[in-house]
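Down below is the structure, laid out as structure tokens.
Hydrogens, waters and symmetry mates are skipped; everything else that's a heavy atom, side chains included, is used. Both counts, for ligands and for their atoms, begin at 1 and track the order of listing. Owing to the predicted nature of the structure, the values given are computational and were not obtained by experimental measurement.
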Amino acid sequence: MPNSIKVTQTGGVVLVELNRPKALNALNQEIMEEIVETLVPLDRDPSVGCFVLTGNEKAFAAGADIKEMGSKTYMDVFTNDLFADWDKFGAMRTPKIAAVAGYALGGGCELAMMCDMIFAAESAQFGQPEIKLGVMPGMGGSQRLTKLVGKSKAMDMILTGRMMDAAEAERSGLAARVIANDELMAETMKAAETIASFGKPSVMMARETVERALESSLREGLMFERRVFQSMFATEDQKEGMAAFAEKRKAEFKGK
Ligand code: CO8
């Protein structure tokens with residue numbers, strides 16, 4: 001049984017709650033291992049249509065665990081490739097929504113950005129404060145934040161270490177929605193249930209194609225999109241979705 005996370009599945013949605021409240025959900029080795037060991041098998045489970053990753057009212061996660069990391073040497077972090085296993089979380093193909101209330105700092109902000117979209121409570125505070133610790137973002141912040149909010153604002157966040165509130169995060173493209181604090185989980189779960197109600201293969205292909213936009217030229221991305229779109233005509237869900245529209249009924253997707 002995992003110790004630092006709580007995992008519950010309701011229908012097609014798997015809710016993952018980070019559970020180190022005394023350390024503001026600081027991301028240590030254990031939490032990373034538990035997330036990867038628990039979620040990667042579920043990623044391949046056809047009954048799982050969406051993940052929701054959240055923390056608590058005070059913190060989504062206040063960063064990598066500074067106390068665990070502080071005394072490590074260069075050789076420790078280099079030879080063990082510190083935190084490289086987070087890539088396995090980022091590479092999961094089932095959609096992941098980060099529901100962020102309170103602090104999402106350093107590795108916490110980076111973990112939220114590894115998700116496919118961020119829903120921010122009004123209380124959310126995002127930041128990459130590593131510069132104040134004599135280091136810099138190391139779990140993707142310098143790259144993902146720059147892709148999401150642009151160079152100038154990413155520089156502002158990373159070089160001053162300041163925090164960004166929920167309104168600024170939405171305005172800048174970091175957060176998809178800002179939600180009242182007490183409605184964060186209900187609205188996030190509703191969106192997750194909507195995603196999980198669609199055919200999983202088409203959802204996976206659509207998210208992979210959007211991801212491709214961050215990694216390729218426009219021309220290559222458009223070609224990738226066209227090929228993936230065309231390949232969807234090999235699925236039963238495409239036949240069902242289009243037939244249901246023509247017959248004015250709700251589609252019954254089978255995930256095939
Ligand atoms: N690591 C470990 N413990 C933490 C962390 C953290 N990141 N953040 C908070 N805590 C602990 C505190 O030490 C405290 O513990 P204790 O009660 O035992 O003293 C407890 O959580 C509560 O925290 P505070 O008392 O500080 O709570 P406040 O409400 O006063 O302040 C803040 C909240 C502003 C969020 C404050 O806790 C803070 O500044 N935290 C650190 C934020 C930070 O610097 N994050 C970046 C960490 S570095 C990082 O993420 C690098 C990622 C890349 C690594 C890649 C490697 C390859």
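Under a cut-off of 6.0 angstrom, the local environment of NZ in K147 is sparse, with at most 12 non-hydrogen atoms contributed by other residues, nucleotides or ligands. Annotation: F245, atom CZ; neighbour count of heavy atoms from other residues, nucleotides and ligands within 6.0 Å does not exceed 12.
For A26, every heavy-atom contact with ligand 1 shorter than 4.0 Å involves the side chain, none the backbone. Neither the backbone nor the side chain of V135 comes within 4.0 Å of ligand 1, counting heavy atoms alone. Contact annotation for K22 and ligand 1: only backbone heavy atoms (N, CA, C, O) come within less than 4.0 Å of the ligand. The proximity of P129 to ligand 1, defined as any non-hydrogen pair under 4.0 Å, is limited to the side chain.
Side-chain atoms of E110 come within 3.5 Å of backbone N or O of G138 as a donor-acceptor pair.
Within the 4.0 Å cut-off (strictly below), no protein heavy atom is located near atom 30 (O) of ligand 1. Protein heavy atoms all stay at least 4.0 Å away from atom 25 (O) of ligand 1. Protein heavy atoms are found inside the 4.0 Å sphere centred on atom 48 (S) of ligand 1. For atom 38 (C) of ligand 1, no protein heavy-atom neighbour is present inside the 4.0 Å cut-off. There is a protein heavy atom closer than 4.0 angstrom to atom 21 (O) of ligand 1. The nearest protein heavy atom to atom 43 (C) of ligand 1 is closer than 4.0 Å.
Remark: distances from the non-hydrogen atoms of K132 to ligand 1 are all 4.0 Å or more. The closest approach between E68 and ligand 1 stays at or above 4.0 Å for every heavy atom of the residue.
A distance of 12.5 Å separates CZ in R144 from CG in L174, rounded to the nearest 0.5 Å. Atom CG of L18 is separated from atom CG of L24 by 12.0 Å, given to the nearest 0.5 angstrom. Atom-to-atom distance recorded for M223:CE and E225:CD is 11.0 Å, nearest 0.5 angstrom. Atom-to-atom distance recorded for E33:CD and E37:CD is 6.0 Å, nearest 0.5 angstrom. The line from CD of Q128 to CE of M164 is 9.5 Å long, rounded to the nearest 0.5 Å. Atoms SG and CG, on C50 and L15 in that order, are 10.5 Å from each other to the nearest 0.5 Å.
Within ligand 1, counting atoms from 1 as listed, the ones closer than 4.0 Å to a heavy atom of L105 are 35 (C), 42 (C). With ligand atoms numbered from 1 in the order given, ligand 1 contributes 27 (O), 28 (P), 29 (O) to contacts under 4.0 Å with heavy atoms of K58. For ligand 1 and A23, the ligand atoms under 4.0 Å from any heavy atom of the residue are 4 (C), 9 (C), 10 (N), 11 (C), 21 (O). Residue G138 approaches ligand 1 through these ligand atoms, each under 4.0 Å from one of its heavy atoms: 53 (C), 55 (C), 57 (C). Of all the atoms in ligand 1, the ones that sit under 4.0 Å from a non-hydrogen atom of E110 are 52 (C), 53 (C). Within the listing of ligand 1, atoms 44 (O), 47 (C), 48 (S) sit less than 4.0 angstrom from a heavy atom of L133. Proximity to G106 (heavy-atom distance under 4.0 Å) selects the following atoms of ligand 1: 46 (C), 50 (O). Of all the atoms in ligand 1, the ones that sit under 4.0 Å from a non-hydrogen atom of E130 are 48 (S), 49 (C), 50 (O), 51 (C), 52 (C).
The shortest side-chain heavy-atom distance between C115 and F89 falls under the 4.5 Å cut-off.
Residues L53 and M185 do not share a hydrophobic cluster, defined by chaining ILVMFWY side chains whose heavy atoms lie under 4.5 Å apart. Residues F51 and V36 share a single hydrophobic cluster, defined by chaining ILVMFWY side chains whose heavy atoms lie under 4.5 Å apart. Residues L148 and M139 are members of one and the same hydrophobic cluster, defined by side-chain heavy-atom contacts under 4.5 angstrom among Ile, Leu, Val, Met, Phe, Trp and Tyr.
With 3.5 Å as the limit, one finds no donor-acceptor pair spanning the side chains of D237 and T235.
By the 3.5 Å distance cut-off applied to N or O atoms, M69 is not counted among the residues near ligand 1. For ligand 1, one of its N or O atoms has an N or O atom of K67 under 3.5 Å away. Considering both main-chain and side-chain atoms, I66 comes within under 3.5 Å of ligand 1 through a nitrogen or oxygen pair. Residue P137 places no N or O, backbone or side chain, under 3.5 Å from any N or O of ligand 1.
With hydrogens left out, the protein atom closest to atom 8 (N) of ligand 1 is A62 CB, 3.5 Å, a heavy atom. Protein heavy atom at the shortest distance from atom 54 (C) of ligand 1 is F83 CD1, 3.7 Å. For atom 23 (O) of ligand 1, the closest non-hydrogen atom of the protein is L24 CD1, 3.6 Å. In terms of protein heavy-atom proximity, atom 57 (C) of ligand 1 is closest to L82 O, 3.3 Å.
The two atoms that bring N25 and G55 nearest to each other are ND2-CA, 3.6 Å, heavy atoms only.
Residue F126 forms a side chain to side chain contact (heavy atoms under 4.5 Å, CB included) with just one option from L105, D165, I118, and that option is I118.
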